[in-house]
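I have placed the structure first, in the form of structure tokens, so that the comments after it can refer back to it.
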Amino acid sequence: MSNGIVVFIEHRNGVLNKTSLEAVAGAQLLGSALQQEITAVVVGSDASALAQEIAAYDVAKVINAGNAKLVDYTPDGYTDAMEHVVKQLDPHLVLLPHTYLVRDFAPKLAARFGKSLISDCIRAGVADSSITFTRRIFLGKLDADVVSDGEPPVFATFQSGAYRPDQARKGNGAAVEGITVDVGEIRMTPEAPFQEVKQAVDLSKADIIVAVGRGIKSKDNLALAEKLAEALGADLAASRPICDAEWLPIDRQIGSSGQTVAPKLYVALGISGAIQHLVGMKNSGTIVAINKDPEAPIFDIADYGIVGDLFEAVPVLTEEIKKIKGAS
Amino acid sequence: MNIIVLMKQVANKDAILRINKEATWIEEGDLSFEVSESDGYALEEALRVREKLQGEVVVCSMGPQRVKSVIKDALARGADRAIHVVGDNLGHLSPYATASALAEAIRDEKPDLVFTGLQSDDYGYGQTGVILAELLGLPHATIVIEVDASAERLRVKRELESGWYQWYTMPTPALLTIQSGISQIRYATLKGIMAAKKKEVKEVTPSAEIVDRPAHQRIARVYLPQKSKQTQLLGNGDAKAGAVELAQKLHTEARVI
């Protein structure tokens, strides 16, 4: 009889990825509601120090799944390792943080069990001992409640920000069990991770950011946003499509693949607010959105919004701000 | 180098979405459709690899007859031929079932490379490519931002989080999921559009075993996201008046300027 919750702990060279703690927090909430024990799993060639670190959290057990072939992350290696662990534990539920690393191997893991993941969930709730997962669809425009009907295990991933890392409850010291897992042939060879030229612009220190998205329509129109940024004393930033089109350099990109910022004022011009963008800026102090689409997800997190044409609003806003600043 | 590119048709990004009566999906009747963004980049990358190494680019799309517009556009941009996995309700299959149907459709093609976008713009599961690689027994890499392919080896640059990258080398055949922005997408030329009309489009139907297998996950309800903040909407449709009001609010209420 399948029982318990497995939660996958991600790390790079033994350094914890904090999103894993959000998955632990999610697992603890579901564990309490379902009255199921939690087993945290650390995978690596020598992750015993991290396993001890995780044992401080309120989980029943930590498994340190080791194999020399797991020294570097590869999808082949991690899939084999986690398949071994999941088969051994026979859990009801397998939870993972929705990171780039998990996205790379977890669908392959689920497929070994004839399944898909319920991926990128923003929350989960329990009613009558069955779980409902909620995930965003259509680039954040709608929410969908997803339920699992089949045999366990159920595989699900939590989006960064679904829970807070500090929600993960500490415990009395869980037992750590080291096991050696079977890992087959690894077909891909990784090189060392690297950063592209040192980021020229550090937007994380900016007080005010004016960010542009697809709604700006052309590179020439950036001047409009530049003038507003100048009036505000702000840094200029962008959502991914703008940097993909090379209208602004990639070191101006906000979001999961770019920078994460939390300025006191964030002005989003023509940005619809895809999840990948929101995770990079949702902790900003005051958020302003100007967008012609009233359904744009950016309005869900905005303090002030203008539904309308940014080409009309921005020049007026720039002039008004100049007036206010000139007067004070 | 023979490459299969998987392309999905999704609701147009700017389309107003209406939830259906049962609140289980959207009304699709009057929607306009387009190709999922990252799949367009997957095609572009495949065409570039073919220009360098010769071979054939085959586009594969799944869905009702309306997905022919995605196929035609891909052929006009330069794909050599197409496989259409036809069915009216395939959009609701799980990523595992979708990957199973695609595996069935392309297995005998024995491609050297399979490209997909990294995730679709509708469900956004981000899994179909990786599951397909597992079903076909291929090594894979996801979120690929650069492809360095030669006849001897395949080296790909993967995007990690927060501005980090990593190169992976792997044998072919292999499957790659391509990140948006990997290169600039070409437009179809008039010549391409004319040539596309003569290109082969093969229709296949997925086996009943895949389509009828009970789903292990399903959408119970679709709804508008709960707002996490109370947004003050300014201007009441007048963008200029909204801008005047906004400047005042930022000064006197939020006190950020």
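In what follows, chains carry the letters A, B, and so on, assigned in the order in which the sequence lines appear, proteins first and then strands, with residues in each chain numbered from 1.
Crowding of N236(B) atom CG: a count of heavy atoms from other residues, nucleotides or ligands under 6.0 Å not exceeding 12. D212(B) CG: more than 12 foreign heavy atoms inside a 6.0 Å radius.
Only the side chain of R214(A) comes within contact range of chain B, judged by heavy atoms closer than 4.5 Å. Neither the backbone nor the side chain of E185(A) comes within contact range of chain B, judged by heavy atoms closer than 4.5 Å. Of the atoms belonging to E312(A), heavy atoms from both backbone and side chain fall under 4.5 Å from chain B. Only the side chain of N17(A) comes within less than 4.5 Å of a heavy atom in chain B; its backbone stays farther off. Looking at Q226(B), both its backbone and its side chain come within 4.5 Å of chain A, counting heavy atoms on both sides. If you measure heavy-atom distances from A245(A) to chain B, the contacts under 4.5 Å come from the backbone alone. F113(A) does not touch chain B: none of its heavy atoms, backbone or side chain, sits under 4.5 Å away. For P139(B), the parts lying under 4.5 angstrom from a heavy atom of chain A are both the backbone and the side chain. Residue L233(B) touches chain A through both its backbone and its side chain, counting heavy-atom pairs closer than 4.5 Å. Interface residue A15(B): only backbone heavy atoms are found under 4.5 Å from chain A. Only the backbone of A141(B) comes within contact range of chain A, with at least one heavy atom under 4.5 Å from a heavy atom of that chain. Interface remark: L93(B) contributes no atoms to any contact with chain A (heavy atom separation under 4.5 Å). Heavy-atom distances place both the backbone and the side chain of Q248(B) under 4.5 Å from chain A. Within the 4.5 angstrom heavy-atom criterion, only side-chain atoms of V288(A), from C-beta onward, approach chain B. Residue contact with chain B, scored on non-hydrogen atoms closer than 4.5 Å, is absent for I186(A).
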Let me see the working for T177(B) and R103(A) under side chain to side chain contact (heavy atoms under 4.5 Å, CB included), right down to the final yes or no. CA-CA 11 Å; T177(B) 81; R103(A) 288 162 68 177; over 6 Å; no
Could you walk me through whether I208(A) and V256(B) pass side chain to side chain contact (heavy atoms under 4.5 Å, CB included), step by step? CA-CA 9 Å; I208(A) 303 180; V256(B) 286; 5.8 Å; no
Given E253(B) and Y304(A), is the side-chain hydrogen bond (donor to acceptor under 3.5 Å, both in side chains) satisfied, shown in steps? CA-CA 11 Å; E253(B) 196 174 271; Y304(A) 301 104; 2.6 Å; yes
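In this structure, the side chain of H140(B) engages the main chain of D104(A) through a donor-acceptor pair within 3.5 Å. One N or O on the side chain of R240(A) and one on the backbone of S180(B) form a donor-acceptor pair closer than 3.5 Å. Using modelled atom types, no side-chain atom of S148(A) and backbone atom of Q217(B) make a donor-acceptor pair closer than 3.5 Å. Judged by distance alone, the side chain of Q230(B) and the main-chain N or O of D303(A) form no donor-acceptor pair under 3.5 Å. A donor-acceptor pair under 3.5 Å links the side-chain atoms of K141(A) to the main chain of K13(B), judged by distance alone. For the pair Q184(B) (side chain) and D244(A) (backbone), a donor-acceptor distance under 3.5 Å is present.
Chosen from D300(A), V316(A), T318(A), the residue pairing most often with chain B at heavy-atom distances under 4.5 Å is D300(A). Comparing L310(A), T99(A), D309(A) by heavy-atom pairs within less than 4.5 Å of chain B, the highest count is held by T99(A). The candidate with the highest count of non-hydrogen atom pairs below 4.5 Å against chain A, out of R218(B), M170(B), R221(B), is R218(B). For the options L246(B), L132(B), L135(B), heavy-atom pairs under 4.5 Å to chain A are most numerous at L246(B). Of all the listed residues (A192(A), A302(A), G150(A), P315(A)), the one sharing the greatest number of non-hydrogen pairs under 4.5 Å with chain B is A302(A). Interface remark: of the candidates V130(B), T231(B), I219(B), L234(B), T231(B) forms the most heavy-atom pairs closer than 4.5 Å to chain A. Listed options K249(B), E37(B), R155(B), E159(B) were ranked by heavy-atom pairs under 4.5 angstrom with chain A; first place goes to E159(B). The most heavy-atom pairs under 4.5 Å with chain A, out of V10(B), I131(B), L118(B), come from I131(B). Of the listed residues (P75(A), A144(A), G308(A), P107(A)), the one with the most heavy-atom contacts under 4.5 Å to chain B is P107(A). Ranked by heavy-atom pairs shorter than 4.5 Å toward chain A, the options Y123(B), W164(B), Y41(B) are led by W164(B). For chain B, the option among V146(A), D145(A), I122(A) with the highest count of heavy-atom pairs below 4.5 Å is D145(A). Residue with the most contacts toward chain B among I290(A), D76(A), D120(A), V147(A): V147(A) (heavy-atom pairs, distance under 4.5 Å).
Rounding to the nearest 0.5 Å places OG of S94(B) at 10.5 Å from CD1 of I118(A). To the nearest 0.5 Å, atom OG1 of residue T157(A) and atom CD of residue Q127(B) are 7.5 Å apart. Note that OG1 of T252(B) is 8.0 Å distant from CD1 of I324(A), once rounded to the nearest 0.5 Å.
Side-chain contact between L232(A) and I257(B): present, with at least one pair of heavy atoms (C-beta onward) separated by less than 4.5 Å. At a threshold of 4.5 Å between non-hydrogen side-chain atoms, the residues R12(A) and L160(B) count as touching. Within the 4.5 Å cutoff, side-chain heavy atoms of T169(B) are placed close to those of E191(A). Counting heavy atoms from C-beta on, the side chains of E295(A) and L224(B) come closer than 4.5 Å. Annotation: side chain of L250(B) is in contact with side chain of T286(A) (closest heavy-atom distance under 4.5 Å). You'll find the side chain of D72(A) stays beyond 4.5 Å of the side chain of Y168(B), heavy atoms only.
At least one test fails for R158(B) against the ring of Y100(A): distance under 6.0 Å to the centre or angle within 45° of the axis.
Salt-bridge annotation for E134(B) and K108(A): present, with a side-chain N of the basic residue lying under 4.0 Å from a carboxylate O of the acidic one.
Of residues 19-33 of chain B, those residues with a non-hydrogen atom less than 4.5 Å from any non-hydrogen atom of chain A are, in numerical order, I19(B), W25(B), I26(B).
Of all non-hydrogen atoms in S119(A) and Y125(B), the two that sit nearest each other are OG-O, 2.9 Å. For the pair L142(A) and P225(B), the tightest heavy-atom approach, listed with the atom from each and the gap, is CA-CD, 3.9 Å. Here the closest heavy-atom approach between residue A313(A) and residue A239(B) is recorded as CB-O, 3.7 Å. Smallest separation of non-hydrogen atoms from S116(A) and P95(B): OG-CD, 3.4 Å. Taking both residues in full, the closest heavy atoms of A215(B) and D149(A) are given as O-CB, 4.0 Å, listed atom of the first, atom of the second, then distance.
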